[in-house]
2 protein chains.
Amino acid sequence: MIKYMEIANDIRNQIVKGILKPNEQLLFEKDLSKVYSSSKMTIKKALDILVAEGLIVKRRGSGTFVKSINSSEMDKLIVSNQFRGFSALYSGKKIDTEVLVFQVINCDEKIRTKLNLDEEQFVYNIVRVRSVNNVPYVIENTYMPINIIQGLKKAHANSSIYSYIEEDLGLKIQSSHRKISVRKSNSFEQEHLHLEAYDPVAIAEQVAYLENGTAFEYSISVHSYNYFSFETVIIR
Amino acid sequence: MIKYMEIANDIRNQIVKGILKPNEQLLFEKDLSKVYSSSKMTIKKALDILVAEGLIVKRRGSGTFVKSINSSEMDKLIVSNQFRGFSALYSGKKIDTEVLVFQVINCDEKIRTKLNLDEEQFVYNIVRVRSVNNVPYVIENTYMPINIIQGLKKAHANSSIYSYIEEDLGLKIQSSHRKISVRKSNSFEQEHLHLEAYDPVAIAEQVAYLENGTAFEYSISVHSYNYFSFETVIIR
DNA sequence: TAGTGGTCTAGACCACCGG
DNA sequence: CGGTGGTCTAGACCACTAA
């Protein structure tokens, strides 16, 4: 649909499929603009996406080159800087969701500041245990304002809340601010994640935003340490 | 120096200092281009930086708005998606470095693939414990090819290897691919990080790249769980 | 319907790299 | 030095929002 995206996708495919090999030089932007019948700026924008994904490197004065990564790592890199719900992340596998708590509460100070709410706002509070192939991966403790995420039912919590938000409510999810930390598990977590005493957990605390900039979700996810890893590309 | 950077810095300062308040609307791109005597494209590029930093939101058809975050979180967000060495991250505080290992070794299979090296390459192997205000934060296990990071001495390992790479060798660091995971500490880590038995640790595994695309560092950092958190902004 | 931000162009000039 | 990618412009058209 969008030209620079199509170009980026095309070149990404060439890299992932091995048509363009590690350390190989790409065509110059000038030449690519002829190949794709577009301007140099559009080519640059397409290539900048692949730079952000960590797939290629540009050298002023020299050209553009495929990064030297073994292709097994590539799939991960491409998805890691994206942001999706649990269901989308593990699509294709057997996912089970156990809803432990589904209630509406008057939010406290902390949630109010995270979600930027007025004092008397009500929020959904949902606690779920999510399993992949019958192994419990994570306990999600989610808070969402009832006036933004309207009409949420327990049935939605049993499957994917994100697809309810996007497909049923027609809202667009834009970004998330996430913080990852580590601590020892407590007995509640040990029970639901099938952990031993003293096993650690990874905590992902997140505020997610809609396209219009309003915060719609504050969540604290407690991950079983065996099934947690977070990958990212950092550009200076 | 670069125009769109200057504009981004200027507007970021206005947000951080509170001149532009949460949810406040910015001038339109058309008007900003007059204020800063530049084209609409340049303004767009400047604002896109602030979008990536999570500070503002754009709505097509409406305008651009400051995100609703309390300013205490803002400093963190701005630095979190950047990538610097330990010394730079904690500059201003008292940093101590204890060098446990400083040797040159023939690299094994794993390091070879991570750094994309030939079979017979030698690499530095450096193990350091780094403390902030006399509290041990992290054990860093670092591998660097000797032909890229030339002339590295133990004295550099005692302070900042990154500043040696950038200032003395004149190399430019571009990006890093990082993976974060969690596990239980072992006795070695408990001793050096002053942990109790069964305390968890956070593992940050990283491959760092120079501007020319060559991998120059593979490192495994074991963080004391009390002093580890990783923050990031994810755009869909 | 008027005006926003998003995309795209053709062309200009610059900083940097290699021979 | 010629050629690379980086920045910047002026202006075009489009998708979307709000009145």
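Convention: sequence-line order gives letters A, B, ...; per-chain numbering from 1.
Separating the NZ atom of Lys30(A) from the C1' atom of dT4(D) is a distance of 9 Å, rounded to the nearest angstrom. The separation between Ile2(A) atom CD1 and dC14(D) atom C1' is 11 Å, rounded to whole Å. Remark: P of dT17(D) and CD of Gln25(B) are 15 Å apart, rounded to the nearest angstrom. One can place CD of Glu29(A) at 8 Å from C1' of dT4(D), the figure rounded to the nearest angstrom.
Salt bridge annotation for Glu109(B)-Arg112(B): present, with a cationic side-chain nitrogen under 4.0 angstrom from a carboxylate oxygen. Between Glu140(A) and Arg130(A), at least one side-chain nitrogen of the basic residue sits less than 4.0 Å from a carboxylate oxygen of the acidic one, meeting the salt-bridge criterion.
The side-chain tip of Lys67(A) points at the ring of Tyr209(B) from less than 6.0 angstrom away and within 45° of straight on. At least one test fails for Lys154(A) against the ring of Phe102(A): distance under 6.0 Å to the centre or angle within 45° of the axis.
Residue Lys40(B) is classed as a base contact, given a heavy-atom separation below 4.0 Å to a base. Here Ser33(B) lies out of heavy-atom contact (under 4.0 Å) with every strand.
Toward the 5' end of DNA chain C, the nearer of the two residues Lys172(B) and Ser39(A), judged by each one's closest nucleotide, is Ser39(A). Residue Thr64(A) is the one, among Thr64(A) and Thr42(B), whose nearest nucleotide of DNA chain D lies closer to the 5' end (criterion: closest heavy atom). Between Ser62(A) and Lys44(A), it is Ser62(A) whose nearest contact on DNA chain D lies nearer the 5' terminus. Between Ser37(A) and Gly61(A), it is Ser37(A) whose nearest contact on DNA chain C lies nearer the 5' terminus.
In this structure, Asn9(B) contributes its side chain and Met5(B) its backbone to a donor-acceptor pair below 3.5 Å. At distances below 3.5 Å, not a single donor-acceptor pair connects side-chain atoms of Arg178(A) with backbone N or O atoms of Ile234(B).
The nucleotide range of DNA chain C contacted by chain A, defined by atoms under 4.0 angstrom from heavy atoms of the protein and reported 5' to 3', is dT7(C) to dC17(C).
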